Student: 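Could you have a look at this structure, given as structure tokens, before my questions?
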Amino acid sequence: MLRKHVFSTVVYYDCLDFCPTAFEVWKHLLVLEDDGAKPVSLSAVTNALRDLVTERRVVVLRGMYLLPGREEFVPMRIREEKISVGKLKRAQRLIRMLQWVPFVRMIGIAGSLAMKKSEPKSDWDFFVILRSGHIWLGRTFLTGILQLLGKRRHGQYVENRACLNYYLTEEALEISGKDAFAAHEYRFIVPIFDRDVFRRFELAGAPWRRSNKG
């Protein structure tokens, strides 16, 4: 059963043009059905990957696992990671400024930048948790300050600008769309400040966002 889940995880990320490492397969292991399985060890996932490589169902290149014939993903990922490093540093500096905006409780990096799959002209997806009862006022403050800083994505202004796609409040931390794509999208979020609030968000989704992260 574990080998099935490991292979399904590699296939899933292949659909996203992403070749995960053994650690990433373990961390984001996709469980297809609720079979009551407990979190597995990294070594067990690594052994399953080794078996899949032996069976030629999966190939490994520079520590990354992918389907046969998809080797072009490896240099593509390396290139995108190099681009993402600089973008992550700039996005983190901006977020640390935004933590003082009224009603903001937590901001994290999400989307392609969190997966380190950025292109030069990519924007920065931000995941925001606001104080309960102040979501509209908090959004207004945050949007206005980003606009004044010239860092809000709008119209044709995309490159290295913040896209405020994800909003929750600290008393309503469950999201509405609960599927495999949403689960793995949220597992990649990189919290920049107030990890306690983010941990509460993770625990709120624990029954359906299954992961070996804990």
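Quick note: residue numbers are just sequence positions, from 1. Keep in mind it's a predicted model, so treat the numbers as computed, not measured.
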Student: Ignoring hydrogens, what is the shortest heavy-atom contact between G111 and D125? Give both atom names and the distance.
Tutor: CA-OD2, 3.7 Å
Student: Do F103 and M97 sit in the same hydrophobic cluster, where Ile, Leu, Val, Met, Phe, Trp and Tyr count as joined when their side-chain heavy atoms come under 4.5 Å apart?
Tutor: yes
Student: When you look at CZ of R90, are more than 12 heavy atoms from neighbouring residues, nucleotides or ligands closer to it than 6.0 Å?
Tutor: yes
Student: For S118, does its backbone N or O pair with a side-chain atom of S112 as donor and acceptor, under 3.5 Å?
Tutor: no
Student: Supply the atom-to-atom distance K121 NZ to E159 CD, rounded to the nearest 0.5 angstrom.
Tutor: 5.0 Å
Student: Quick check: does any side chain N or O of D14 sit under 3.5 Å from a backbone N or O of V10, one acting as donor and the other as acceptor?
Tutor: no
Student: If I compare all heavy atoms of L98 with all of I107, which pair ends up nearest, and what's the gap?
Tutor: CB-CD1, 3.8 Å
Student: Can M115 be reached from V85 by stepping across I, L, V, M, F, W or Y side chains whose heavy atoms are under 4.5 Å apart?
Tutor: no
Student: Rounded at 0.5 Å granularity, tell me how far CD in Q92 sits from CG in L113.
Tutor: 8.5 Å
Student: Can we say E119 and R79 salt-bridge, meaning some charged N sits less than 4.0 Å from an Asp/Glu carboxylate O?
Tutor: yes
Student: Can you tell whether the side chains of E24 and R77 come within less than 4.0 Å, N to carboxylate O?
Tutor: yes
Student: Would you say that T169 contacts I129 through its side chain, given a criterion of any heavy-atom pair below 4.5 Å between the two side chains?
Tutor: no
Student: Is the shortest side-chain heavy-atom distance between L66 and V58 below 4.5 Å?
Tutor: no
Student: Can the ring centres of F201 and F127 be said to be less than 6.0 Å apart?
Tutor: yes
Student: Nearest 0.5 Å, what's the CZ-NZ distance between F73 and K117?
Tutor: 7.5 Å
Student: Are the side chains of L94 and F126 in touch, meaning some heavy atoms are under 4.5 Å apart?
Tutor: yes
Student: Quick one: pull up NZ in K27 and OG1 in T21 and give me the separation to the nearest 0.5 Å.
Tutor: 9.5 Å
Student: Check whether any side-chain heavy atom of Y12 sits under 4.5 Å from a side-chain heavy atom of H28, and report yes or no.
Tutor: no
Student: Side chains of residues 138-154: which donor-acceptor partners sit under 3.5 Å, not counting sequence neighbours?
Tutor:
| residue | atom | partner | partner atom | Å |
| --- | --- | --- | --- | --- |
| T140 | OG1 | W136 | O | 2.8 |
| T143 | OG1 | R139 | O | 2.8 |
| Q147 | OE1 | R152 | NE | 2.8 |
| Q147 | OE1 | R152 | NH2 | 3.1 |
| K151 | NZ | N160 | O | 3.3 |
| R153 | NH1 | D123 | OD2 | 2.5 |

Student: Assess whether side-chain contact (heavy atoms from CB on, under 4.5 Å) is satisfied between I78 and M64, documenting all intermediate values.
Tutor: CA-CA 11 Å; I78 293 172; M64 290 170 264; 4.2 Å; yes
Student: According to a 4.5 Å side-chain heavy-atom criterion applied to Ile, Leu, Val, Met, Phe, Trp and Tyr, with indirect links allowed, do L52 and W26 form part of one hydrophobic cluster?
Tutor: yes
Student: How long is the gap from CZ on F198 to CE on M106, to the nearest 0.5 Å?
Tutor: 6.0 Å
Student: With side chains defined as the heavy atoms from C-beta onward, is the minimum distance between D196 and R199 less than 4.5 Å?
Tutor: no
Student: Between K116 and E81 (salt bridge meaning N to carboxylate O under 4.0 Å), is one present in this structure?
Tutor: no
Student: Considering all heavy atoms of both residues, which atom of L67 and which atom of R57 are nearest to each other, and what is their separation?
Tutor: CD2-O, 3.9 Å
Student: Can you list the residues that meet the side chain to side chain contact (heavy atoms under 4.5 Å, CB included) rule with V190, with sequence neighbours excluded?
Tutor: I109, A114, I192
Student: Of the non-hydrogen atoms in R70 and D17, which two are nearest, and what is the gap between them?
Tutor: NH2-OD1, 3.9 Å
Student: When you measure from the side chain of T9 to the backbone of L30, do you find a donor-acceptor pair of N or O atoms at a distance under 3.5 Å?
Tutor: yes
Student: Within this structure, what is the CG-CD1 distance for the pair L88 and I83, rounded to the nearest 0.5 Å?
Tutor: 12.0 Å
Student: Which heavy-atom pair separates I135 from L130 by the least distance, and what is that distance?
Tutor: O-CD1, 3.5 Å
Student: Hey, could you give me each pair passing salt bridge (charged side-chain N to carboxylate O under 4.0 Å, His left out) that has a residue in residues 94-104? Not counting sequence neighbours.
Tutor: none
Student: Would a hydrophobic clustering, with Ile, Leu, Val, Met, Phe, Trp and Tyr connected at side-chain separations under 4.5 Å, put F193 with L168?
Tutor: no
Student: Quick one: do V53 and V25 end up in the same hydrophobic cluster if we chain Ile, Leu, Val, Met, Phe, Trp and Tyr together by side-chain heavy atoms under 4.5 Å apart?
Tutor: yes
Student: Charged N to carboxylate O under 4.0 angstrom, R3 versus D51?
Tutor: yes
Student: Do the rings of F188 and F18 sit parallel, tilted or perpendicular, given the 30° and 60° boundaries?
Tutor: perpendicular
Student: Take K87 and W124 through the side-chain contact (heavy atoms from CB on, under 4.5 Å) test and state the conclusion after the steps.
Tutor: CA-CA 8 Å; K87 287 179 175 285; W124 308 333; 3.9 Å; yes
